K.L.:
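Sharing a structure with you now.
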Protein chains: 2
Amino acid sequence: MKMSSGVEWALHSCVTLSQSHEPVPAARLAELHGTPPAYTAKHLQALSRAGIVRSTMGQVGGYTLTRPASEISALEVVQAIDGDEPAYRCAEIRQRGPLGIPAERCSRPCAIARAMAAAQDAWSHALARTSIADLAADIDADSDGTAMLDVRNWLTATRN
Amino acid sequence: MKMSSGVEWALHSCVTLSQSHEPVPAARLAELHGTPPAYTAKHLQALSRAGIVRSTMGQVGGYTLTRPASEISALEVVQAIDGDEPAYRCAEIRQRGPLGIPAERCSRPCAIARAMAAAQDAWSHALARTSIADLAADIDADSDGTAMLDVRNWLTATRN
DNA sequence: TGAACTCGGATAGAAAATATCCGAGACAAG
DNA sequence: CTTGTCTCGGATATTTTCTATCCGAGTTCA
Ligand code: SF4
Ligand code: SF4
């Protein structure tokens, strides 16, 4: 029950992309975050497949958000990287063993599976309520309103 | 972000143990659930280390619950098997890269880490509210009140 | 036309989870 | 008291997943 470490980089990348209306290459994001360039690129591809970011090829290409940051939830980013399958996957062991229940009576999930699904839903809803814009605003507030400005300045300063 | 499959076997084992006041060997539980005997035993050891079950050695030994089933939460079982460390572990990448923040200003967790911790808390509280006794009652209700009776009969019938 | 820069999926390596085995210890029977 | 059998417990292989990397296909600009 551990989350891929790439989720952290993907969330940071989305926050950074929300500060730029121009495409930002994957190598630039990796340099800013101090992460392995090739592996960071792989995670951005996952975001592209999920429709969260759009890629632009060519010399001045890179990644941009497809929607306003306020309309992208943290849950979408997590599911794009870590997969959308639930953490608890029932193997239906109630149908096995000497007291196995016939499959016809297993139409609805068992009580254990229901409890796990309820917990997963609580987790999902908590993340769905938080948008990338909310995260950016909170990070900005933590740093006395200078963090996002620094990011914007760094992005324009290193632009060729 | 996937949970160990052993969690499922452990929860089933606890529900089964709640129906017997006498020790039940690991091999018996594995046979009842149709799971690999050796691997099932390993998970029961984890429950023993967490203080959820108590092991009795010798010929009529086995595992018993240390507390009433109504005082054992599903969260405890999950944490005993899958570990109690949170799914999201911040690598503090905000301190890396050209815009790295000095460690002295990173006393409290960042906004992203806070959002993830809040989601984890929601998940934990949902599981903490459900006890093993609740699960046993719900499984019993799903089977028209015969499931737990069948388990008790099978346990006494196969007792040497 | 050409060159340089981008993404994208296919390819090695490391870590973790899965599954198993045999020895130490304890109880009951003889 | 001795013996034998049954139990748990941790140490050991195997498989799968995650981590990290590389080079080719495609696009844009000069
Ligand atoms: S969690 Fe429920 S449905 Fe899944 S194997 Fe256990 S009893 Fe069956
Ligand atoms: S989640 Fe917050 S604390 Fe953790 S690396 Fe990202 S910015 Fe830093």
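A, B, ... follow the sequence lines: proteins, then strands. Residue 1 opens every chain. All heavy atoms count here, side chains included; hydrogens, waters and symmetry mates do not. Just so it is clear, the model here is predicted, and its values are computed rather than measured.
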K.L.:
Touch check for Gly62(A), heavy atoms < 4.0 angstrom, all strands: base, sugar-phosphate only, or nothing?
P.N.:
sugar-phosphate
K.L.:
Calculate the interatomic distance between Lys42(B) atom NZ and dA17(C) atom P; express it in whole Å.
P.N.:
11 Å
K.L.:
Can you tell me how far C1' of dA17(C) sits from CH2 of Trp9(B), to the nearest Å?
P.N.:
11 Å
K.L.:
Quick one: is Ser48(B) getting a side-chain N or O under 4.0 Å of the dG9(D) phosphate, OP1 or OP2?
P.N.:
yes
K.L.:
Send over the distance from Leu17(A) CG to dC7(C) P, rounded to a whole Å.
P.N.:
11 Å
K.L.:
With nearest nucleotide decided by heavy atoms, which residue, Ala38(A) or Lys2(A), maps closer to the 5′ end of DNA chain D?
P.N.:
Lys2(A)
K.L.:
Figure out the CD/P separation between Glu22(A) and dC5(C), and round it to whole Å.
P.N.:
18 Å
K.L.:
Using side-chain heavy atoms (C-beta onward) and a distance below 4.5 Å, is Val53(B) in contact with Leu44(B)?
P.N.:
no
K.L.:
Please state how far atom NE2 in His43(B) lies from atom C1' in dA19(C), giving the value in whole angstrom units.
P.N.:
9 Å
K.L.:
Round to a whole Å and report the spacing from CD of Gln59(A) to P of dC7(C).
P.N.:
13 Å
K.L.:
Looking only at side-chain N and O atoms, does Ser4(A) come under 4.0 Å of OP1 or OP2 in dT19(D)?
P.N.:
yes
K.L.:
With a cut-off of less than 4.0 Å, is there a side-chain N or O of Gln45(B) near OP1 or OP2 of dG10(D)?
P.N.:
yes
K.L.:
By nearest nucleotide on DNA chain D, pick out whichever of Thr40(A) and Val60(A) is the more 5' one.
P.N.:
Thr40(A)
K.L.:
Does the side chain of Arg49(B) get closer than 4.0 angstrom to OP1 or OP2 of dG9(D) through an N or O atom?
P.N.:
no
K.L.:
Side-chain N or O of Ser55(B) less than 4.0 angstrom from OP1 or OP2 on dG9(D)?
P.N.:
yes
K.L.:
Check this one for me: any side-chain N or O of Tyr39(B) less than 4.0 Å away from OP1 or OP2 of dT20(C)?
P.N.:
no
K.L.:
At their closest point, which heavy atom of Ala115(B) faces which heavy atom of Leu135(A), and how far apart are they?
P.N.:
CB-CD2, 4.1 Å
K.L.:
Just call it for Ala26(B): base, sugar-phosphate, or nothing, with non-hydrogen atoms closer than 4.0 Å on any strand.
P.N.:
sugar-phosphate
K.L.:
If you only use heavy atoms from C-beta on, which nucleotide in dA20(D), dC8(D), dC27(C) is closest to the side chain of Tyr63(B)?
P.N.:
dC8(D)
K.L.:
Hey, does the side chain of Thr56(A) come within less than 4.0 Å of dC7(C)'s phosphate (OP1/OP2), counting only N and O?
P.N.:
no
K.L.:
Of the options dT19(D), dT21(D), dT6(C), whose atoms approach the side-chain atoms of Met57(A) most closely?
P.N.:
dT6(C)
K.L.:
Select base, sugar-phosphate, or nothing to describe what Arg54(B) touches, counting heavy atoms under 4.0 Å on all strands.
P.N.:
nothing
K.L.:
For Arg96(B), does the CZ atom have more than 12 heavy-atom neighbours from other residues, nucleotides or ligands under 6.0 Å away?
P.N.:
no
K.L.:
What integer distance in Å separates Glu8(A):CD from dT19(D):P?
P.N.:
12 Å
K.L.:
Just the rounded figure in Å: distance from C1' of dC8(D) to CG of Leu44(B).
P.N.:
10 Å
K.L.:
For His33(A) and Thr16(A), test the side chains for any donor-to-acceptor distance below 3.5 angstrom and give the result as yes or no.
P.N.:
yes
K.L.:
Using 0.5 Å steps for rounding, measure from the CG atom of Leu127(A) to the CD atom of Glu76(A).
P.N.:
11.5 Å
K.L.:
Of all the nucleotides listed (dA4(C), dC7(C), dT7(D)), which has the minimum atom distance to the side chain of Pro25(A)?
P.N.:
dC7(C)
K.L.:
With salt bridge (charged side-chain N to carboxylate O under 4.0 Å, His left out) as the rule and sequence neighbours excluded, what pairs involving residues 111-140 of chain B come up?
P.N.:
Asp142(A)-Arg114(B)
